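First up is the structure itself, then whatever we jot down about it.
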Amino acid sequence: KAMKAGTVDVVTHRFPWTFGRDVGQGLDFTRVMVFDGQGFMVRKSLGVTSGKQLDKATFCISAGATTEGNVTDYFAANGMTFKQVTFASMGESQKAYNAGRCDVFVSDKFGLGARRTALTNPSEHMILPETISNEPISPMVAHGDQVWRDIVVWTLNSLIAAEEHGITSKNVDKMRSSSKNPFVQRILGKTGNFGSKIGLGKDWAYNAIKAVGNYGEIWEKHLGKNGLGMPRGKNQLHTNGGLLISPPFR
């Protein structure tokens with residue numbers, strides 16, 4: 001709503017990329033930032049270690065989300081049933097789970113990791129290993145502003161490419177001044193002028209990396225060992241067996 005009203009320029013979390021959100025809503029997804037998937041969070045005292053042990057469990061579910069359909073499909077495929085308590089928002093669903101009104105809180109796994117930190121006793125809760133759907137998270141921009149979309153896409157590409165080439169917030173100045181790698185020279189604005197094609201200066205990618213770090217640095221700060229403690233999984237670089245790759249800067 002805020003984006004449609006023009007009060008924000010980009011939304012970077014919360015909403016997985018789906019056909020219904022991408023088409024006819026006045027919004028454009030850009031590129032996948034986090035490969036996420038729906039999962040289950042339970043109290044450790046429930047004594048389960050797998051989603052396949054949740055037969056007849058009670059779920060707190062948000063109305064209107066894709067969550068219900070994914071849970072229904074998973075339980076049907078595994079010959080199980082579940083009970084649900086439906087709430088108007090994810091926040092209300094979280095409060096109900098925290099109060100013990102249901103056995104399971106269900107959402108995207110990285111969302112579960114974040115919401116676990118707000119529970120009364122976070123250490124008493126665990127995220128089960130199953131991932132029951134694909135929920136790619138992508139920055140969203142307003143439909144029709146192609147230049148802004150290009151800036152968002154290629155800034156994210158530059159952060160991914162920087163990690164692959166060993167460029168960090170700490171060494172970016174040294175890399176720009178001394179690297180003989182043609183790619184590093186191009187992305188950091190020492191040669192070429194990619195920024196002019198999207199209305200920015202030649203240092204646009206350098207400035208982004210200098211300010212926030214490469215993709216891996218951002219991950220560790222917010223989602224990894226210094227943040228939510230979540231494993232990277234599919235969000236590793238393609239060189240490490242993951243799905244992250246940047247198109248060439250040429």
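Quick note: numbers below take in every heavy atom, side chains included, and nothing from hydrogens, waters or symmetry partners. Predicted, not measured: the structure shown is a model, and the values here were computed from it.
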(request) Would you please indicate if the ring centroids of Phe105 and His125 are separated by under 6.0 Å? (result) no
Please confirm whether the backbone N or O of [Y] pairs with a side-chain atom of [X], one donor and one acceptor, at under 3.5 Å?
X	Y	value
Lys44	Ser123	yes
Gln84	Phe59	no
Gln53	Thr49	yes
Ser179	Arg176	no
Asn181	Phe183	yes
Glu92	Phe87	no
Arg43	Leu46	no
Tyr215	Met33	yes
Ser138	Thr30	yes
Asp55	Thr81	yes

Tell me, do [X] and [Y] make a side-chain contact under 4.5 Å, heavy atoms counted?
X	Y	value
Val42	Met126	yes
Leu128	Leu54	yes
Trp219	Glu163	no
Cys102	Tyr97	yes
Met175	His165	no
Ile61	Phe82	yes
Phe35	Leu244	yes
Pro16	Asp36	no

(request) Tell me whether Val152 is reachable from Val147 by hopping between hydrophobic residues (I, L, V, M, F, W, Y) whose side-chain heavy atoms are closer than 4.5 Å. (result) yes
(message) Tell me whether Ile245 shares a hydrophobic cluster with Leu159, the cluster being built from Ile, Leu, Val, Met, Phe, Trp, Tyr side chains joined at under 4.5 Å.
(response) no
Distance from [X] atom [atom1] to [Y] atom [atom2], nearest 0.5 Å?
X	Y	atom1	atom2	value
Arg116	Lys109	CZ	NZ	11.0 Å
Leu243	Gln236	CG	CD	10.5 Å
Arg149	Asp28	CZ	CG	7.0 Å
Thr67	Met90	OG1	CE	5.0 Å
Ser158	Arg186	OG	CZ	14.0 Å
Leu112	Leu228	CG	CG	10.5 Å

(message) Lys170: which residues meet the side chain to side chain contact (heavy atoms under 4.5 Å, CB included) condition with it, sequence neighbours left out?
(response) Thr168, Glu217
Just by distance, no angles: are the side chains of [X] and [Y] close enough, under 3.5 Å, to form a donor-acceptor pair?
X	Y	result
Ser45	Glu124	no
Thr72	Glu68	no
Asp150	Gln146	yes

(message) Just to verify, what does Arg31 make a salt bridge (charged side-chain N to carboxylate O under 4.0 Å, His left out) with, not counting sequence neighbours?
(response) none
(message) What I want to find out is whether Asp103 reaches Lys83 closely enough, with some N-O distance under 4.0 Å, to be called a salt bridge.
(response) no
Specify the closest pair of heavy atoms between [X] and [Y], including all atoms of both residues, with the distance to one decimal.
X	Y	value
Ser50	Glu130	OG-OE2, 2.5 Å
Val104	Ala57	CG2-CB, 4.0 Å
Thr86	Ser62	CG2-C, 4.4 Å
Ala162	Asn214	CB-CB, 3.8 Å
Thr117	Pro122	O-CG, 3.8 Å
Trp154	Pro247	CH2-CB, 3.6 Å

[X] [atom1]: over 12 foreign heavy atoms closer than 6.0 Å:
X	atom1	value
His143	NE2	no
Lys202	NZ	no
Lys197	NZ	no

(request) State which residue, out of Val8, Val10, Asp9, Ile151, fulfils the side-chain contact (heavy atoms from CB on, under 4.5 Å) condition with Val141. (result) Val10
(message) Out of the candidates Ile209, Thr155, Ile187, only one should pair with Trp204 under the side-chain contact (heavy atoms from CB on, under 4.5 Å) rule; please name it.
(response) Thr155
(request) Kindly indicate, with the supporting measurements, whether the criterion side chain to side chain contact (heavy atoms under 4.5 Å, CB included) is fulfilled by Asp173 and Lys210. (result) CA-CA 8 Å; Asp173 289 308; Lys210 179 78 171 179; 2.4 Å; yes
(request) Name the orientation class of the two ring planes belonging to Phe194 and Phe249 (parallel below 30°, tilted from 30 to 60°, perpendicular beyond 60°). (result) perpendicular
(request) I would like to know whether Val34 and Met230 meet side chain to side chain contact (heavy atoms under 4.5 Å, CB included); could you show each step before the answer? (result) CA-CA 12 Å; Val34 175; Met230 303 290 284; over 6 Å; no
(request) Return each pair, listed once, that meets side chain to side chain donor-acceptor pair (under 3.5 Å) where at least one residue sits in residues 237-250; pairs must be two or more places apart or across chains. (result) Glu164-His238
